[in-house]
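Shown next, in structure tokens, is the structure this report addresses.
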Amino acid sequence: MPLNFGPTLDGDIKAVLLDADRVAHRVKELGAEISRDYVDKTPLLVGVLNGAMVFMADLIRQINVPMEICSLAVSSYGKRSTSGDLSFLKDVNQDVKGKHVIFVEDIVDTGKTLKAICDLFEKRGAASISICTLLDKKARREVDGLEMRYIGFECHLAASWSWGPVRSALSPNVIPSSSAAALSPNLASKIKHPRRKHDKQKCDQSGYGIDYAERYRNLPYIAALKPSVYE
Ligand SMILES: O=P(O)(O)OC[C@H]1O[C@H](OP(=O)(O)OP(=O)(O)O)[C@H](O)[C@@H]1O
């Protein structure tokens, strides 16, 4: 896909990892899966703001069974305590007791955010809880027992980060090879509380709701940013 989003933003982009068509295709598949699985359940999709905003907006329009939506926001990495504790900036506006909840995320990294939210919603009496994430960085998980039921694309550790869509063929044009991405599994396991907003590694995927330092969420694709953006 040509980089013609606009001169200001395009100048910051090193490579398009997942173009808008590819994302849209996968979002459509996810919508169909959810529609099939929840045909008789009227799920409540809960978007975790701000990152999930773009993905959620597209996803719900690919779901063709009765459903509800709401959103919540928690403190971002840069504002959390060193223990990684979450605090709500915005809670959901309804009682979730008895609801079939699907959390919608742009990206799951350590999993701490979703683990805390899932535990809370379990205590609140949700009938069931599932997770739908556009991107999954499974290799960086730091919590146990967090099952991703719906995954758009999986980022996995090999010699370097690579990207592969779940349940469909790997396309060569979605494998980035930036130096920022070349994080060894050993080092990855030592990073307890990555600060997403200021972590160079996070420049390897921005756009479609995912930010770097609050910018780039409006890119219609997912891209790696040039080192000049964060150095
Ligand atoms: O799996 P974890 O390690 O907990 O990280 C994942 C969380 O980090 C991102 O949010 P962020 O705090 O950057 O805020 P944002 O949604 O406003 O971008 C993302 O949207 C998830 O909510």
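Owing to the predicted nature of the structure, the values given are computational and were not obtained by experimental measurement. In each ligand, atom 1 is the first atom listed, and ligand 1 is the first ligand listed.
Between atom 22 (O) of ligand 1 and the options Glu105, Arg140, Lys137, the minimum heavy-atom separation is to Glu105.
In this structure, Tyr212 and Tyr230 have perpendicular ring planes: the angle between them is above 60°, well past the 30° mark.
For Leu49, the closest heavy-atom approach to ligand 1 falls below 4.0 Å. Taking a 4.0 Å cut-off on heavy atoms, Lys115 fails to register as neighbouring ligand 1.
Taking any N or O of Gly51, backbone or side chain, at least one lies under 3.5 Å from an N or O belonging to ligand 1. Looking at ligand 1, you'll find an N or O of Gly111 within less than 3.5 Å of one of its N or O atoms. For ligand 1, the polar-atom distance check against Glu214 finds no nitrogen or oxygen pair separated by under 3.5 Å.
Distances below 4.0 Å separate heavy atoms of Arg217 from the following atoms of ligand 1: 15 (P), 17 (O), 18 (O). Each of the following atoms of ligand 1 lies closer than 4.0 Å to a heavy atom of Ile107: 6 (C), 19 (C), 21 (C). The Asp106 neighbourhood of ligand 1 comprises atoms 19 (C), 20 (O), with distances under 4.0 Å to a heavy atom of that residue.
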Only pairs under 3.5 Å count here: list side-chain donor-acceptor contacts from residues 117-129, not counting sequence neighbours, and write none if there are none.
residue: Asp119; atom: OD1; partner: Lys115; partner atom: NZ; Å: 3.2
residue: Asp119; atom: OD2; partner: Lys115; partner atom: NZ; Å: 3.1
residue: Arg124; atom: NH1; partner: Asp91; partner atom: OD1; Å: 3.1
residue: Arg124; atom: NH2; partner: Asp91; partner atom: OD2; Å: 2.6
residue: Ser128; atom: OG; partner: His100; partner atom: ND1; Å: 2.6

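With hydrophobic clusters built from ILVMFWY side chains whose heavy atoms lie under 4.5 angstrom apart, Ile69 shares a cluster with Tyr38.
Residue pairs meeting the side-chain hydrogen bond (donor to acceptor under 3.5 Å, both in side chains) criterion with at least one member in residues 41-54: none, sequence neighbours excluded.
If you look at Asp211 next to ligand 1, the close heavy atoms, those under 4.0 Å, all belong to the side chain.
Comment: Arg141 does not engage Asp109 in a salt bridge, judged by the lack of any side-chain N to carboxylate O separation of less than 4.0 angstrom. With respect to the salt-bridge test (charged N to carboxylate O, under 4.0 angstrom), the residues Arg36 and Glu33 do not qualify.
At a cut-off of 3.5 Å, with distance as the only test, no side-chain donor of Asp106 or Tyr208 sits close to an acceptor on the other residue.
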